[in-house]
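Here is the structure we will look at.
To find a chain, count down the sequence lines: A is the first, B the second, and so on, and within it residues start at 1.
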Number of protein chains: 2
Amino acid sequence: MSYTKTEENYLKAIYGLESKFGKEVSTNELANKLKTKASSVTDMVKKLAKKELITYEKYKGVSLSKKGKNIAISIIRNHRIWEVFLVEKLHYKWDEVHEIAEQLEHIKSDELVDRLDDFLEHPSFDPHGDPIPDREGNIPVRKQAVLLSELAKGESGILVGVKNTHNEFLQFLEEMNLTLGKKIEVEKVFDFDKSKVIKTSKQTVTISKEVSSFLIIEKINS
Amino acid sequence: MSYTKTEENYLKAIYGLESKFGKEVSTNELANKLKTKASSVTDMVKKLAKKELITYEKYKGVSLSKKGKNIAISIIRNHRIWEVFLVEKLHYKWDEVHEIAEQLEHIKSDELVDRLDDFLEHPSFDPHGDPIPDREGNIPVRKQAVLLSELAKGESGILVGVKNTHNEFLQFLEEMNLTLGKKIEVEKVFDFDKSKVIKTSKQTVTISKEVSSFLIIEKINS
DNA sequence: CAATATTTTTAGACAAGTCTAAAAATATTT
DNA sequence: AAATATTTTTAGACTTGTCTAAAAATATTG
Ligand SMILES: [Mn+2]
Ligand SMILES: [Mn+2]
Ligand SMILES: [Mn+2]
Ligand SMILES: [Mn+2]
């Protein structure tokens with residue numbers, strides 16, 4: 001069985017919202033995420049339910065079936081592997097790859113992404129630090145990963161991922177020289193707004209609480 | 001302006017038939033090539049004409065406009081560059097790449113294929129020996145290219161392309177060890193059916209007139 | 001050149017995915 | 001618990017690309 005691009009995008013969106021909120025996904029949430037209308041979502045959701053990719057109860061939202069979840073994860077795998085390719089091999093910047101990967105993730109082929117994965121030597125994380133599921137759907141986890149917003153004065157770690165992948169945010173980080181792999185040390189935390197002064201090898205900058213809550217850090221136990 | 005996958009496939013098909021027969025492309029030819037029905041073609045052809053991608057006169061067939069031709073060529077460029085990638089980098093065999101390239105050729109991005117072209121170091125020909133148009137639409141030509149069916153006893157050359165890219169034919173060549181780059185010498189031509197005995201570095205085989213008419217050879221002037 | 005065969009176009013229908021507007025169900029407020 | 005607000009579903013319509021069946025145009029043949 002093969003699914004349409006639209007069906008795949010719905011499954012991926014449901015997967016994302018389900019993991020984020022840990023409960024059934026509502027029609028409006030889905031409409032919002034997919035930039036479509038609630039009535040369109042209701043229609044589509046009925047189709048997906050009939051195909052047993054999700055369970056749907058009127059007025060109660062949807063959740064993925066085993067089968068639906070597998071498909072969603074495989075699309076995410078495709079997306080992230082393509083992103084690695086675009087950055088590592090074609091030298092795109094990390095804020096330029098998402099739209100193209102949105103298209104490439106839907107290419108139908110049994111082995112294309114597996115071959116690409118071999119070619120890229122089995123990356124575990126994509127250019128934004130997001131984990132890449134393996135062929136069986138297992139998702140790598142980082143132990144010791146915390147948000148920069150949780151670090152106290154004096155603590156330090158490596159920037160390994162971002163929780164916000166909007167282009168503007170990524171470009172902002174770029175300008176601040178905060179790229180993946182950078183070592184970051186907390187020099188000071190302002191009590192009144194929880195903004196932080198942080199130090200990298202090259203510079204010292206001040207970032208807001210909001211920005212710090214988007215940055216995933218692997219702590220250095222020193 | 002951006003076009004749908006279907007529109008792009010129609011333009012590509014028209015381009016192919018136009019270059020092959022050198023005259024307006026008929027509704028039936030197009031329907032046949034695209035594995036669709038004549039009535040569908042008539043509908044689509046009207047839409048393309050309204051968009052000024054082709055000129056269409058009822059009952060007289062279609063031909064590409066300048067604009068339509070540019071689009072067709074750019075899709076062909078995409079297709080062939082992706083095929084090179086699949087063979088060179090992902091180690092697909094030459095008979096396995098066409099279907100996937102059919103999908104990849106439609107990925108919308110201003111620079112994706114140009115970056116891929118850089119990455120592949122600007123190949124001029126694809127894995128089947130077909131020329132790859134450059135960004136401006138110029139198509140490389142091979143001087144001295146002839147069909148193996150035109151070579152006489154004693155003449156020799158390099159196999160540089162195939163005129164038939166059906167999987168079965170490509171696999172046949174593979175088994176015969178007739179791959180691109182191979183040197184081929186005509187040992188004998190049978191008068192009664194124009195079949196030939198040909199010699200490569202490794203072996204001597206007999207091939208039919210039909211097969212020989214699908215093989216593009218660059219003559220060696222010795 | 002008239003009859004016949006073939007090709008092409010038209011007419012009407014369908015599936016996928018979307019939309020607006022209205023109705024129905026659920027949630028929140030008083 | 002009733003009134004009101006919000007969310008969700010339904011009804012009907014539209015677009016893209018396709019199809020079948022029938023009509024119209026063109027091509028071939030005797
Ligand atoms: Mn997508
Ligand atoms: Mn990513
Ligand atoms: Mn195509
Ligand atoms: Mn090719």
Q | Length of the line joining B:K58:NZ and D:dT26:C1', which is rounded to integer Å | A | 14 Å

Q.
Please tell me whether A:H79 and A:H98 form a close aromatic pair, meaning their ring centres lie under 6.0 Å apart.
A. yes

Q | Between P of C:dT8 and CD of B:E57, the distance in whole Å | A | 14 Å

Q: Check the distance between D:dT20's P and B:D43's CG and give it to me in whole angstrom.
A: 13 Å

Q: Could you let me know what C:dT30 is paired to, Watson-Crick or G-U wobble, both distances under 3.5 Å, or none if it's on its own?
A: D:dA1

Q. Taking for each residue the nucleotide of DNA chain C with the nearest heavy atom, is it A:Y59 or A:E7 whose nucleotide lies nearer the 5' end?
A. A:E7

Q) B:F21 ring centre to B:K23 NZ or CZ under 6.0 Å, with the angle to the axis within 45°? A) yes

(Q) So, under a plain 3.5 Å distance rule, would you say the side chain of A:S39 forms a donor-acceptor pair with the base of C:dT18? (A) no

Q.
Given D:dG17, C:dC19, C:dA24, identify the nucleotide with an atom nearest to the side chain of A:K37.
A. C:dC19

Q. What's the spacing between A:S63 OG and A:Y15 OH if we round to 0.5 Å?
A. 13.5 Å

(Q) Under 4.0 Å from OP1 or OP2 of C:dC19: is there any side-chain N or O of A:S40 that close? (A) yes

Q: Go ahead and name the base partner of C:dA23; Watson-Crick or wobble counts if both distances stay under 3.5 Å, otherwise write none.
A: D:dT8

(Q) If you compare every side-chain N and O of A:Y56 against the phosphate oxygens of D:dT9 (OP1, OP2), does one of them come in below 4.0 Å? (A) yes

Q. Partner of C:dA15 by Watson-Crick or G-U wobble geometry, both contacts under 3.5 Å, or none?
A. D:dT16

Q: Please state how far atom NZ in B:K50 lies from atom P in D:dG17, giving the value in whole angstrom units.
A: 13 Å

Q) How about A:R115 and A:L112: do any of their side-chain heavy atoms sit closer than 4.5 Å? A) no

**Q.** Closest nucleotide among D:dT18, C:dT9, C:dT10 to the B:K46 side chain
**A.** C:dT10

Q) Could you give the distance from OG (A:S65) to CD1 (A:I54), rounded to the nearest 0.5 Å? A) 8.5 Å

(Q) By the 4.0 Å heavy-atom rule, please label B:K5 as base, sugar-phosphate, or nothing. (A) nothing

(Q) With the threshold set at under 4.0 Å for non-hydrogen atoms, list the residues of residues 19-32 of chain B touching DNA chain D in residue-number order. (A) none

(Q) A cation-pi test, strictly: NZ or CZ of A:R80 under 6.0 Å from the centre of the six-membered ring of A:F125 and no more than 45 degrees from its axis. Yes or no? (A) no

Q: Report yes or no: is the cationic atom of B:K89 (NZ for Lys, CZ for Arg) closer than 6.0 Å to the six-membered ring centre of B:F85, at no more than 45° off its axis?
A: no

(Q) Can you measure A:K60 atom NZ to D:dT9 atom P for me and round it to whole angstrom units? (A) 11 Å

Q. Rounded to the nearest Å, what distance is computed from the CE atom of residue A:M44 to the P atom of nucleotide C:dA15?
A. 16 Å

Q: Look at the side-chain N and O atoms of B:Y3 and state whether any lies under 4.0 Å from the OP1 or OP2 oxygen of D:dT16.
A: no

Q: Describe, in one word, how the ring planes of A:F214 and A:F169 are oriented to each other, choosing from parallel (under 30°), tilted (30 to 60°) and perpendicular (over 60°).
A: perpendicular

(Q) Base, sugar-phosphate or nothing for A:T6? Non-hydrogen atoms, less than 4.0 Å. (A) sugar-phosphate

Q) Is the phosphate of D:dC19, meaning OP1 or OP2, less than 4.0 Å from a side-chain N or O of B:T36? A) yes

